[in-house]
Amino acid sequence: MWGGAVLLLLAVTGAAHGTYRYTESWLTVPVDHFSFSNNATFKMRYLINDTFWQPEINAPIFFYTGNEGDITMFAENTGFLWETASDDFAALIVFAEHRYYGKSLPFGNESFSSPQKVGYLTSQQALADYVDLINHLMENLTTPVPVIAFGGSYGGMLAAYFRMKYPHVVQGAIAASAPIFQFPGLVPCGIFNMIVTSDFNSTSHECMKSIQKSWKTIDSFAGSESGRLWLNKNWKLCKPLNKTEDGLTLKTWLSDVLVNLAMVNYPYPSNFLAPLPAYPIKAMCRFLPNSSYSDKILLTSLFKALSVYTNYTGKTKCLNIQDDASPQLGESGWDFQACTEMVMPICSNDTKSMFEEAEWNFKKYSDSCYQKWKVRPQPDLAIKNYGGKDISAASNIVFSNGLLDPWAGGGVLRNYSDSLVAVLIPEGAHHLDLRARNAADPASVIQAREFHKHYIQQWMKQFYRQHKISPH
Ligand SMILES: *[C@@H]1O[C@H](CO)[C@@H](O)[C@H](O)[C@H]1NC(C)=O
Ligand SMILES: *[C@@H]1O[C@H](CO)[C@@H](O)[C@H](O)[C@H]1NC(C)=O
Ligand SMILES: *[C@@H]1O[C@H](CO)[C@@H](O)[C@H](O)[C@H]1NC(C)=O
Ligand SMILES: *[C@@H]1O[C@H](CO)[C@@H](O)[C@H](O)[C@H]1NC(C)=O
Ligand SMILES: *[C@@H]1O[C@H](CO)[C@@H](O)[C@H](O)[C@H]1NC(C)=O
Ligand SMILES: *[C@@H]1O[C@H](CO)[C@@H](O)[C@H](O)[C@H]1NC(C)=O
Ligand SMILES: *[C@@H]1O[C@H](CO)[C@@H](O)[C@H](O)[C@H]1NC(C)=O
Ligand SMILES: *[C@@H]1O[C@H](CO)[C@@H](O)[C@H](O)[C@H]1NC(C)=O
Ligand SMILES: *[C@@H]1O[C@H](CO)[C@@H](O)[C@H](O)[C@H]1NC(C)=O
Ligand SMILES: *[C@@H]1O[C@H](CO)[C@@H](O)[C@H](O)[C@H]1NC(C)=O
């Protein structure tokens, strides 16, 4: 059931809206940066805060390379950029919205209506938008200032790619939880689900075993009228299971939830869909202490465990398994990207995995893309464009990865050179380091943030030397 499933790179969890202040601004950019036969333009959105900025001392621009969603959500959830811009660097804060997400729609509400219109949704076009925006921000400066890119998840991939492709525009990049190796042939397709498994297993072996057993139990319940009635009632399903195949919907939903929990297994309460407690996997596993429970007790316990995620507030009336587990992100856009450039194979073919076996079947994947979008994925395109694992010619990038994060499996976990470095956060989930500081932060994430600041300082010094600017 996982084979070919498109996973959204979840990046957005946490702070309530409205923590930070900024101005919403717009820049007109070409729909197609790479041709001379199309003059169309659109307005891209960006958020800007110049309150802390001191351009007169050549203080930097901190530029968030927006990813697959409304940019205001990334601005809210990237507290580290805000804190270090104001406290340490007197930086200009800019959050750029990725084309085809949020309000940056090249063809308005028709942006996804045909392959001709949606076809300009690529990472290369988005990076070219960001170059235009930086040139615009610089247009009235008398001396240049360094630009530091920041991003998490797909945004982290973009931050890294931005430095690789445009080193004359971006002096360095902080690429958090950026799975730039999660492409065909670069890492085993099973690694993602093995990290999720290990997150549960290291919390509680019995918990992991209980989940491993639950798939067959769900199948057997979904396969009979009485079993379905039992599940409909005891799992408080909004829409009843009517037939055997509906069990698949339930299992798909369940694996989405488990994967999401692994990504947001943060050390303090956060707000993802519904509010979550600190270390939600631990909170959940408390209900699954014994994998030898009989079927009904197992499913009853699993339902209670899932309620940590689905019903932490106690206000959920019924369980909606049809909804995607992360509806607030730009789903259509990411689905298209996953069906074109961003082909990230995920499978479950290790007997130790707690997920059901699922192969990675490119043909089926491609067919489903064609059915949805009338396009076929190009599995090698990202490797052609960005080098796959051959990144040693790049410089000035920090790759950070929380080792609890399933995306770390496709992340850069070792140093390539003095200026292409990795920092590991053993207690961290999905880009915890980019979030605002918190009293419950583990030491490793505090150190990672110091690591980032150290490298930003180095990159700035290098910039000032290169441009013969003596910083104040
Ligand atoms: C920038 O952020 C600071 C701190 O939140 C706030 O006081 C200020 O008003 C903001 N500036 C702009 C231009 O939004
Ligand atoms: C692009 O704009 C220029 C200047 O307005 C115009 O002369 C040209 O015909 C346009 N090209 C296309 C392909 O629309
Ligand atoms: C887009 O909006 C316009 C004006 O509101 C409407 O006429 C049109 O049908 C919409 N198109 C789609 C694809 O929703
Ligand atoms: C640069 O200056 C011009 C003229 O004052 C102004 O219209 C423009 O908005 C300025 N650009 C930026 C990025 O502030
Ligand atoms: C689960 O943890 C146990 C130790 O408690 C270890 O022996 C086993 O290899 C782990 N299994 C997986 C799949 O991580
Ligand atoms: C079962 O049938 C009902 C009534 O037709 C429908 O509303 C519901 O969505 C179906 N359940 C599923 C899981 O599709
Ligand atoms: C786990 O549950 C089984 C079946 O109910 C029971 O026999 C066993 O004693 C339980 N194990 C523990 C450690 O509680
Ligand atoms: C959510 O929790 C409340 C309070 O415990 C309970 O009444 C309700 O049935 C629960 N809903 C679901 C879907 O579990
Ligand atoms: C899992 O699948 C991948 C690619 O489909 C393959 O390379 C790998 O050997 C498989 N692993 C196992 C344990 O079967
Ligand atoms: C990379 O190099 C830095 C600086 O020497 C070091 O602090 C860091 O631990 C190294 N990263 C890894 C993953 O070894």
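Remember, predicted model here, so these are calculated numbers, not experimental data. Residue numbers run from 1 in the order of the sequence given. Note that ligands are numbered from 1 as they come in the structure, with each ligand's atoms numbered from 1 the same way.
- The shortest N/O to N/O separation between Asn49 and ligand 1 falls below 3.5 Å.
- Among the atoms of Trp82, none of the N or O lies under 3.5 angstrom from an N or O of ligand 1.
- Polar contact with ligand 8: present for Lys236 (N/O pair, distance under 3.5 Å).
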Can you produce the list of protein nitrogen or oxygen atoms under 3.5 Å from a nitrogen or oxygen of ligand 6, alongside each distance?
{"from": "ligand 6", "atom 1": "2 (O)", "to": "Asn242", "atom 2": "OD1", "distance (Å)": "3.2"}
{"from": "ligand 6", "atom 1": "2 (O)", "to": "Asn242", "atom 2": "ND2", "distance (Å)": "2.4"}
{"from": "ligand 6", "atom 1": "11 (N)", "to": "Pro240", "atom 2": "O", "distance (Å)": "2.7"}
{"from": "ligand 6", "atom 1": "11 (N)", "to": "Asn242", "atom 2": "ND2", "distance (Å)": "3.0"}

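- Contacts with ligand 1 closer than 4.0 Å are made by side-chain heavy atoms of Phe52 only, the backbone lying farther away.
- Contact atoms of ligand 1 toward Thr51: 1 (C), 8 (C), 10 (C), 11 (N), 12 (C), 13 (C) (distance under 4.0 Å to a heavy atom of the residue).
- The shortest heavy-atom contact between Leu258 and Ile211 is CD1-CG2, 3.6 Å.
- A heavy-atom separation below 4.0 Å is found between Lys317 and ligand 8.
- Between Lys251 and Asp256 there is no salt bridge, since no side-chain nitrogen of the basic residue lies less than 4.0 Å from a carboxylate oxygen of the acidic one.
- By the side chain to side chain donor-acceptor pair (under 3.5 Å) test, Arg376 pairs with Ser366, Asp367, sequence neighbours left out.
- Counting the atoms of ligand 1 from 1 in the order shown, those under 4.0 Å from a heavy atom of Arg21 are 1 (C), 2 (O), 10 (C), 14 (O).
- Using a cut-off of 4.0 Å between Lys/Arg side-chain N and Asp/Glu carboxylate O, Arg449 and Glu83 are scored as not salt-bridged.
- For Phe150 and Phe62, the distance between ring centers is under 6.0 angstrom.
- Under the 6.0 Å cut-off for aromatic ring centres, Phe451 and His454 do not qualify, their centroids lying 6.0 Å or more apart.
- Remark: Lys453 is not positioned above the aromatic ring of Tyr455, lacking an NZ or CZ atom under 6.0 angstrom from the ring centre and at most 45 degrees off the axis.
- Taking Trp373 as the reference, Asp335 meet the side chain to side chain donor-acceptor pair (under 3.5 Å) condition, with sequence neighbours excluded.
- Against a heavy-atom cut-off of under 4.0 Å, Cys318 is close to the following atoms of ligand 8: 13 (C).
- Close approach of ligand 1 to Tyr22 is summarised as follows: ligand atoms under 4.0 Å from at least one heavy atom of the residue are 14 (O).
- For the pair Phe303 and ligand 8, a heavy-atom separation below 4.0 Å is found.
- The aromatic rings of Tyr22 and Trp82 are tilted relative to each other, their planes meeting at an angle between 30° and 60°.
- Not counting sequence neighbours, the partners of His467 by the ring pair (Phe, Tyr, Trp, His ring centres under 6.0 Å) test are Phe463.
- Judged by the 6.0 Å distance and 45° axis criteria, Arg99 is not positioned over the aromatic ring of Phe42.
- Residue Thr316 has at least one N or O atom closer than 3.5 Å to an N or O atom of ligand 8.
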